[in-house]
Amino acid sequence: MLRTIFPALAHAIDMNSCPTLHQEGTAKNIKDKLQVLSMAVVEAYNILPNLDLIVPCVMNKGIDFSVSSLSMVPGITIKPMLEKITNGIPQALKLFENKAFTCEYKYDGQRAQIHKLVDGSICVFSRNGGESTSRFPDLIDIFKGSSKSVASTFIMDAEIVDIDRKNGYRIMSFQVLSSRRRGGKDTLVDICIFVFDIMFANGEHPFKFCFQIEVDDACLTYEATLTKINAFLEDALCSSCEGILVKTLDVDAGYSPSKHSDKWLKVNYVEGLNDTLYLVPIGAWHENGRKAGWYSPFLMACFNPEAKKYQSVCCVMSRFSDSFYRFVKLMKELFSRDKVLSKKPPYYQTGVASDMWFCPQVVWEIRGAYFTVSLGLICITDVKMDYFLHLKKMGINFCASDRSPKECSAVANIVEMFHSQTRKMDATAGD
DNA sequence: ACTGATGCGTC
DNA sequence: GTCGGAC
DNA sequence: GTCCGACGACGCATCAGT
């Protein structure tokens with residue numbers, strides 16, 4: 001839409017409202033002008049995604065239209081600024097070489113754009129611009145109680161996080177936050193709001209102004225900086241955060257709506273789990289659509305030597321590249337005919353009902369960045385019955401290892417890995 | 001009143 | 001949110 | 001390098017069938 005419809009719209013409006021345009025100057029000149037206009041319309045849409053307001057303005061201003069022709073309007077969402085994903089702190093440092101920057105925790109919650117309208121009411125919008133005011137009556141109360149005299153209107157960017165105030169202000173996972181009853185009234189899940197940007201206040205656009213800051217640590221060596229940020233990331237992970245955001249403070253710093261901007265960098269995992277998991281595919285679901293005829297996801301299990309049972313650990317997701325499908329036929333041989341069991345065997349322990357069950361045949365190497373834990377189903381009893389561990393950011397080596405199924409990872413190993421990971425995932429909420 | 005399938009919105 | 005692929 | 005559509009997990013809400 002940004003690269004097709006809006007430019008076309010801008011051209012159409014302008015050709016219509018300024019018929020003499022194509023008589024002035026060279027073709028290239030006109031093309032350049034329209035290019036600039038297209039960009040301006042796109043930019044305007046990002047801060048005011050409402051064509052009823054943009055179109056009349058473009059018609060009025062013609063080729064002179066620019067983003068400053070319009071203003072944000074409390075009540076209409078700004079397209080949220082997005083961060084660029086990095087694979088670790090060294091990459092972030094390289095991108096911000098010779099730049100001033102700051103680091104923040106990246107909380108594991110729900111993005112919220114909070115508006116105070118001219119009539120004084122508070123509205124909450126989600127990342128996708130949907131209104132979710134009714135889900136957070138307690139947020140409204142907080143703002144009603146605290147912002148009366150500060151600003152008549154504002155638009156701010158925040159993260160809503162679940163916090164356990166009765167238990168040492170522990171920050172709970174997104175999973176717990178999302179278990180809130182919809183439509184208000186929920187006393188079980190207490191929230192906390194971390195505001196990290198103010199895009200609009202009392203009719204002004206603070207983000208248009210450059211930061212005036214004093215730079216700390218300007219003389220630190222690369223190694224010292226790396227150490228310091230590593231420690232900060234460690235703190236964030238220990239505080240149940242998803243990772244950290246590294247934000248530039250340079251002269252071009254500012255809010256860039258709708259951009260996976262390289263002004264914000266996300267570092268949310270470092271190396272991945274130290275150990276590879278060796279898991280056995282014990283079942284699978286049928287896949288539809290483009291991948292019809294193939295299985296996904298696969299249900300993966302580890303082994304419990306005491307109980308002599310395979311216990312489910314996670315599903316292997318279906319995100320296979322097209323090139324992978326060259327091996328589909330080969331793989332299918334592994335899971336067809338006599339290898340398919342008629343029903344779930346007693347030595348498979350899982351609460352999941354997959355479409356089909358396989359004999360334990362092969363071991364796949366699964367790498368992951370960290371575990372999360374979720375409601376439902378079953379699995380690693382030491383963590384909690386009725387919870388299901390999930391590996392995030394998985395990588396799979398389908399070449400399989402040469403281990404036999406019984407030599408796959410043991411339950412105890414996986415539980416130990418879960419408990420020792422830096423990022424703390426709460427497994428006891430809701431009790 | 002319970003259950004499973006489906007829908008919708010979040011990440 | 002991630003990912004792969006088109007541009 | 002950037003953008004965008006197609007995906008996935010997972011929660012509650014809703015509804016049809018029992």
Side-chain angles (χ1 to χ4, degrees), chain A residues 1-7 38-39 42 45-46 77 79-80 82-87 91 95 106-113 124-136 159-162 172-186 188-189 191 241-243 245 256-263 265-266 268-269 284-285 287-292 294-300 312-325 351-353 355 368-377 379 386-396 425 429-430:
Chain A
M1 188 143 96
L2 295 181
R3 285 191 302 204
T4 53
I5 294 178
F6 285 141
S38 298
M39 296 303 292
V42 170
Y45 188 81
N46 285 331
T77 51
K79 296 287 179 185
L82 304 169
E83 72 283 350
K84 182 180 186 137
I85 298 167
T86 67
N87 60 16
Q91 190 193 357
L95 287 164
K106 183 170 194 319
Y107 291 96
D108 182 20
Q110 182 172 336
R111 185 91 173 255
Q113 201 173 95
V124 184
F125 297 93
S126 72
R127 176 202 196 80
N128 296 325
E131 188 171 347
S132 50
T133 312
S134 64
R135 282 199 63 194
F136 300 105
E159 192 82 6
I160 299 175
V161 176
D162 176 31
M172 314 298 279
S173 65
F174 164 77
Q175 211 91 43
V176 182
L177 177 68
S178 65
S179 73
R180 253 194 173 215
R181 299 271 161 202
R182 308 290 147 86
K185 297 218 177 10
D186 193 326
L188 283 175
V189 178
I191 58 164
C241 285
E242 197 191 322
L245 281 177
S256 304
S258 178
K259 287 259 165 44
H260 269 116
S261 166
D262 51 10
K263 298 173 194 174
L265 308 177
K266 177 166 79 173
N268 63 347
Y269 68 104
W285 285 263
E287 181 59 278
N288 301 312
R290 188 168 68 98
K291 297 166 190 170
W294 180 232
Y295 307 134
S296 92
F298 283 92
L299 181 62
M300 307 299 294
S312 63
V313 174
C314 62
C315 290
V316 172
M317 294 182 293
S318 55
R319 188 89 42 152
F320 304 129
S321 69
D322 281 2
S323 60
F324 170 76
Y325 286 88
V352 188
D355 291 341
Y370 56 92
F371 289 105
T372 64
V373 66
S374 71
L375 282 172
L377 314 186
C379 192
D386 302 335
Y387 277 76
F388 195 61
L389 273 179
H390 285 274
L391 265 177
K392 293 296 179 180
K393 290 195 151 308
M394 286 189 292
I396 305 151
M425 304 302 304

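In this text, all values refer to a predicted model and were calculated from it rather than measured experimentally. Residue numbers start from 1 in every chain, and the chains themselves are labelled A, B, ... in the order their sequence lines are given, proteins ahead of strands.
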task = Tell me whether the OP1 or OP2 atom of D:dG1 has a side-chain N or O from A:K84 closer than 4.0 Å.
result = no
Taking atom [atom2] of [N] as reference, at what distance in whole Å does atom [atom1] of [X] sit?
X      : N      : atom1 : atom2 : result
A:I85  : D:dG1  : CD1   : P     : 15 Å
A:K263 : D:dT2  : NZ    : P     : 12 Å
A:R180 : D:dA13 : CZ    : C1'   : 16 Å
A:F136 : D:dC12 : CZ    : P     : 14 Å

In Å and rounded to the nearest 0.5 Å, what is the [atom1] to [atom2] distance from [X] to [Y]?
X      : Y      : atom1 : atom2 : value
A:Q110 : A:R180 : CD    : CZ    : 9.5 Å
A:R111 : A:S132 : CZ    : OG    : 13.0 Å
A:F174 : A:S179 : CZ    : OG    : 10.0 Å
A:S256 : A:K79  : OG    : NZ    : 15.5 Å
A:K84  : A:L245 : NZ    : CG    : 14.0 Å
A:F136 : A:I160 : CZ    : CD1   : 4.0 Å

note = Which of A:D162, A:V161, A:D108 passes side chain to side chain contact (heavy atoms under 4.5 Å, CB included) with A:L177? Answer is A:D162
Enumerate all atom pairs, one protein N or O and one N or O from nucleotides 3-6 of chain B, separated by less than 3.5 Å.
none

Nucleotide N/O to protein N/O under 3.5 Å, stretch nucleotides 8-11 of chain B:
residue : atom : partner : partner atom : Å
B:dT10  : OP1  : A:S126  : OG           : 2.5
B:dT10  : OP2  : A:N128  : ND2          : 3.2
B:dC11  : OP1  : A:R111  : N            : 2.9

task = Among the candidates C:dT2, D:dC12, D:dA13, find the nucleotide nearest to the side-chain atoms of A:K266.
result = C:dT2
task = Please tell me which of A:S178 and A:D262 maps to the more 5' nucleotide of DNA chain D, matching each residue to the nucleotide holding its nearest heavy atom.
result = A:D262
inquiry  = So does A:L265 get a backbone contact from the side chain of A:E83, meaning a donor-acceptor N/O pair under 3.5 Å?
reply    = no
